[in-house]
Amino acid sequence: MSEQNLVFLGSFASAKSLKELTVNFGSIIVEDGKITKITNQLVDVQSDRYSGYKIVRLTDDQVLIPGFVDCHTHAPQFPNLGLGLDRPLLEWLEKYTFPLEKRYSDVEFAAKVYDVVVKRLLNNGTTTACYFGSLHLEGTLELAKSAIKHGQRALVGKVSMNLKNDAGYYNDTKKELAEVERFVEAVLEYKNDLVQPILTPRFAVSCDDELMSGLADISDKYECRIQSHISENHSEIEYVLKINPDCESYAHVYDKNRILNNRCIMAHAIHLTDNELQTMVHKGVAIAHCPASNTRLCSGLCPVRKYLDSHLVVGLGTDVSGGDSATILDAMRRTMDVSAHLEMKGNKGFAISWIEAFYLATLGGAKALKLDHKIGSFEVGKEFDALLIDPYAVDGPIDKHAYSVSGNAEEHVINLLQKFIYVGDDRNIAQVYVKGEKAKYLL
Ligand SMILES: Nc1nc2[nH]cnc2c(=O)[nH]1
Ligand SMILES: [Zn+2]
């Protein structure tokens, strides 16, 4: 239960669909963390109805938007953020990533890193994160505890791997399946309605059929979400097909093991064949588009427009530390950039607009995580995950000039949001709310 009921007075913007923004000037009432009323007028905050409510009056230049949803990031890789991006995926994993992730057998180290990660993401406006942890049960529980402590909405996954690698970073299958079940039960026992477990077979390079189908059984038993990586890099795809000679495609490997369903979210999905795309759409699988890491690891250019046109559900992921930025603002910009590059290379209509990027960062991400009944837009009955945006924050990157583009009130809000999306950073996020609770930290 939220400590305080809230009345927001001012301008609000949220995505209604891929192409449509809803812009209001008026009031949002938040009670026990849920939106109970949205009006196009300023409610009378002097009335008894709102006595005891916290009143938040936005300035003419501020705007309230839904919180960002990061559909894919690796919490244990944050110490490597901005490092070691000189190798393609499989070499990068062996050289930089597995050695770092192995360190999370040290629970104290895990707790320290995860505390910083969760606070950093909240400060960047990520009110919901879908996390990969590491192979370690206790270490990854520290990630769930950090999210609970700091009030972030999160799906937290203990990574599963049972195939050998040079770093010796994998588990025996029986031990792994038992640990995953203990992990799921431990997170459920926290009884925190913001934080849920998600099953996390790393990818088909590091998981065999026995492990994947065992995880599918656990997913069915607990009705929990499942996440992995698919078709990120050509060498990865080649290797997966080599070790699964009975399968005609990467998606077939997962499908054979009952991983693909409407509780599943797959990262990257850059090089899907048309058949794989159809399978994913048909099974209700969502994807996390991770443009920063797709570029940094030279994995490829993901045809997001083609996927959206095929009715694939798409959210955005930062994919740290393959991605070199921990903010969804950056993921939005890179989504626009990569899609513009595809358009410039002759793919007509492929460019993603800023309004579409905003949708993917909020409601699209919520749909991808099957949380859109709770979050992603401002609607009565949804929980209040929101960012108070202050585009002209003192010391921020956006200057307020004597001349500003004229327009009516709605155009003014659209301009503020557009400037924030193209130019802003965390200095322009004056406050962060998760289920009606403040969650902005001074780092
Ligand atoms: N980008 C990325 N791809 C992966 N595929 C398997 N593991 C990983 C990872 O940690 N990062
Ligand atoms: Zn990843």
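Atoms within a ligand are numbered from 1 in the order they appear, just like the ligands themselves. Quick note: residue numbers are just sequence positions, from 1. Only a predicted model underlies this, so the values are computations on that prediction, with no experimental measurement involved.
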Report the C-alpha distance between Tyr190 and Leu141 in whole Å, list the side-chain angles of each, state the deciding distance to 0.1 Å, and finish with yes or no for side-chain contact (heavy atoms from CB on, under 4.5 Å).
-> CA-CA 10 Å; Tyr190 295 148; Leu141 286 175; 3.7 Å; yes
Less than 6.0 Å separating the ring centroids of Phe203 and His268?
->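 Centroid separation for Phe203 and His268: 6.0 Å or greater.
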May I ask you to decide if Ala167's main-chain N or O and Lys102's side chain share a donor-acceptor pair within less than 3.5 Å?
->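 Yes: the side chain of Lys102 pairs with the backbone of Ala167.
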Could you name the option among Leu93, Asp319, Val159 that has the heavy atom nearest to atom 1 (N) of ligand 1?
->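 Residue with the shortest heavy-atom distance to the ligand atom: Asp319.
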Closest to atom 6 (C) of ligand 1 by heavy-atom distance, out of His229, Met161, His72, is His229
Going by heavy atoms, is Trp92 under 4.0 Å from ligand 1?
-> yes
Below 4.0 Å from any atom of ligand 1, is there a heavy atom belonging to Gln77?
-> yes
Of all pairs that satisfy ring pair (Phe, Tyr, Trp, His ring centres under 6.0 Å), the ones with a partner from residues 296-350, not counting sequence neighbours | none
Polar contact flag, side-chain donor to acceptor under 3.5 angstrom, Glu185-Tyr222 | yes
Using distance alone, with no hydrogens and no angle criterion, decide if Arg263 and Ser219 have a side-chain donor and acceptor under 3.5 Å apart.
->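 Present: a donor and an acceptor within the cut-off.
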Rounded to 10°, how big is the angle at the Zn ion (ligand 2) from His229 NE2 to His74 NE2?
-> 100°
In this structure, the Zn ion (ligand 2) sits at the vertex of an angle between NE2 of His72 and OD1 of Asp319 that rounds to 10° as 90°
Which residue and heavy atom of the protein sit nearest atom 3 (N) of ligand 1, plus the separation = Glu232 OE1, 2.7 Å
List the closest protein heavy-atom neighbour of atom 7 (N) of ligand 1: residue, atom name, distance to the nearest 0.1 Å.
->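 Looking only at protein heavy atoms, the one closest to atom 7 (N) of ligand 1 is Arg202 NE, 2.8 Å.
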Ligand-residue contact atoms, ligand 1 with His268, heavy atoms, under 4.0 Å = 1 (N)
Within 4.0 Å of some non-hydrogen atom of Leu89, the atoms of ligand 1 are 2 (C), 3 (N), 4 (C)
The single option from Gln152, Gln227, His72 that satisfies side-chain hydrogen bond (donor to acceptor under 3.5 Å, both in side chains) with Tyr131 is Gln152
Selection residues 203-215 - residue pairs positive for salt bridge (charged side-chain N to carboxylate O under 4.0 Å, His left out), sequence neighbours left out |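 Sorted pair list: Asp209-Lys256.
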Consider every N or O of Ser293 and every N or O of ligand 1, then say whether any pair is closer than 3.5 Å.
->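 So ligand 1 has no N or O lying under 3.5 Å from an N or O of Ser293.
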